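These numbers were taken from a predicted model, which means no experiment stands behind them.
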Amino acid sequence: MIIEGVPFQTVDWSAWPETHHKGETGHATWRTLEVGNIRVRMVEYSPGYKADHWCSRGHVLLVLKGQLTTELADGRVFVMKEGVSYQVAENAEPHRSQTETGATLFIVD
């Protein structure tokens with residue numbers, strides 16, 4: 001990963017503006033910083049959240065709180081608990097996420 005055009009910056013995520021995104025079920029709350037060639041997000045999924053689309057974007061994702069289930073288009077399923085991360089390249093393996101209990105994630109893409 002080459003990060004370009006990103007000066008040093010700290011972020012107090014608790015004070016960052018929120019945007020809300022409906023899922024197939026439940027909703028996601030994003031706090032997003034877009035700078036240079038990256039997007040950094042603190043994301044909270046509500047209990048019962050299920051993504052309404054397959055995502056092909058490359059990410060580095062870390063589960064900070066809760067539990068997340070990520071399904072790949074080829075049928076593989078990964079259950080991720082607090083402290084577990086994944087990384088996937090752009091257009092490599094379409095994926096979608098869901099959570100029964102809710103989850104808080106830190107994502108860089």
Transitive ILVMFWY side-chain link [X] to [Y], under 4.5 Å:
{"X": "Val77", "Y": "Trp54", "answer": "no"}
{"X": "Val40", "Y": "Val43", "answer": "no"}
{"X": "Val79", "Y": "Val88", "answer": "no"}
{"X": "Met42", "Y": "Val108", "answer": "yes"}
{"X": "Val60", "Y": "Leu33", "answer": "yes"}

* Asked: Mind checking whether Val35 and Pro7 have side chains closer than 4.5 Å, heavy atoms only?
  -> yes
Where is the tightest heavy-atom contact between [X] and [Y], given as atom of each residue plus distance?
{"X": "Gly58", "Y": "Asp109", "value": "O-CB, 2.9 Å"}
{"X": "Val63", "Y": "Met80", "value": "CG2-CE, 3.8 Å"}
{"X": "Trp16", "Y": "Thr32", "value": "NE1-O, 2.8 Å"}

* Start with the C-alpha distance between Leu105 and Leu68, add both sets of side-chain angles, then the distance that settles side-chain contact (heavy atoms from CB on, under 4.5 Å), and finish with yes or no. => CA-CA 9 Å; Leu105 314 170; Leu68 182 72; 3.9 Å; yes
Nearest-0.5 Å distance that lies between atom [atom1] in [X] and atom [atom2] in [Y]:
{"X": "Tyr86", "Y": "Leu62", "atom1": "OH", "atom2": "CG", "answer": "11.5 Å"}
{"X": "Leu61", "Y": "Phe106", "atom1": "CG", "atom2": "CZ", "answer": "10.5 Å"}
{"X": "His20", "Y": "His27", "atom1": "NE2", "atom2": "NE2", "answer": "7.0 Å"}

* Answer yes or no on whether Arg41 is positioned over the face of Trp30, meaning its NZ or CZ is under 6.0 Å from the six-membered ring centre and within 45° of the axis. =>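 Satisfied, under 6.0 Å and within 45°.
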Could you pull out all donor-acceptor pairs under 3.5 Å where a side-chain atom in residues 94-101 meets a protein atom, sequence neighbours excluded?
from	atom 1	to	atom 2	distance (Å)
His95	ND1	Cys55	O	3.1
His95	ND1	Glu93	O	2.9
His95	NE2	His59	NE2	3.2
Arg96	NE	Glu71	OE1	3.1
Arg96	NH2	Glu71	OE1	3.3
Ser97	OG	Thr70	OG1	3.2
Thr99	OG1	Gln67	O	2.7
Thr99	OG1	Thr101	N	3.3
Thr99	OG1	Gly102	N	2.9
Thr99	OG1	Gly102	O	3.3

* Report yes or no: does Thr104 contribute a side-chain atom to a donor-acceptor pair with the main-chain N or O of Leu64 at less than 3.5 Å? =>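 Checking the backbone N and O of Leu64 against the side chain of Thr104, no donor-acceptor pair under 3.5 Å is found.
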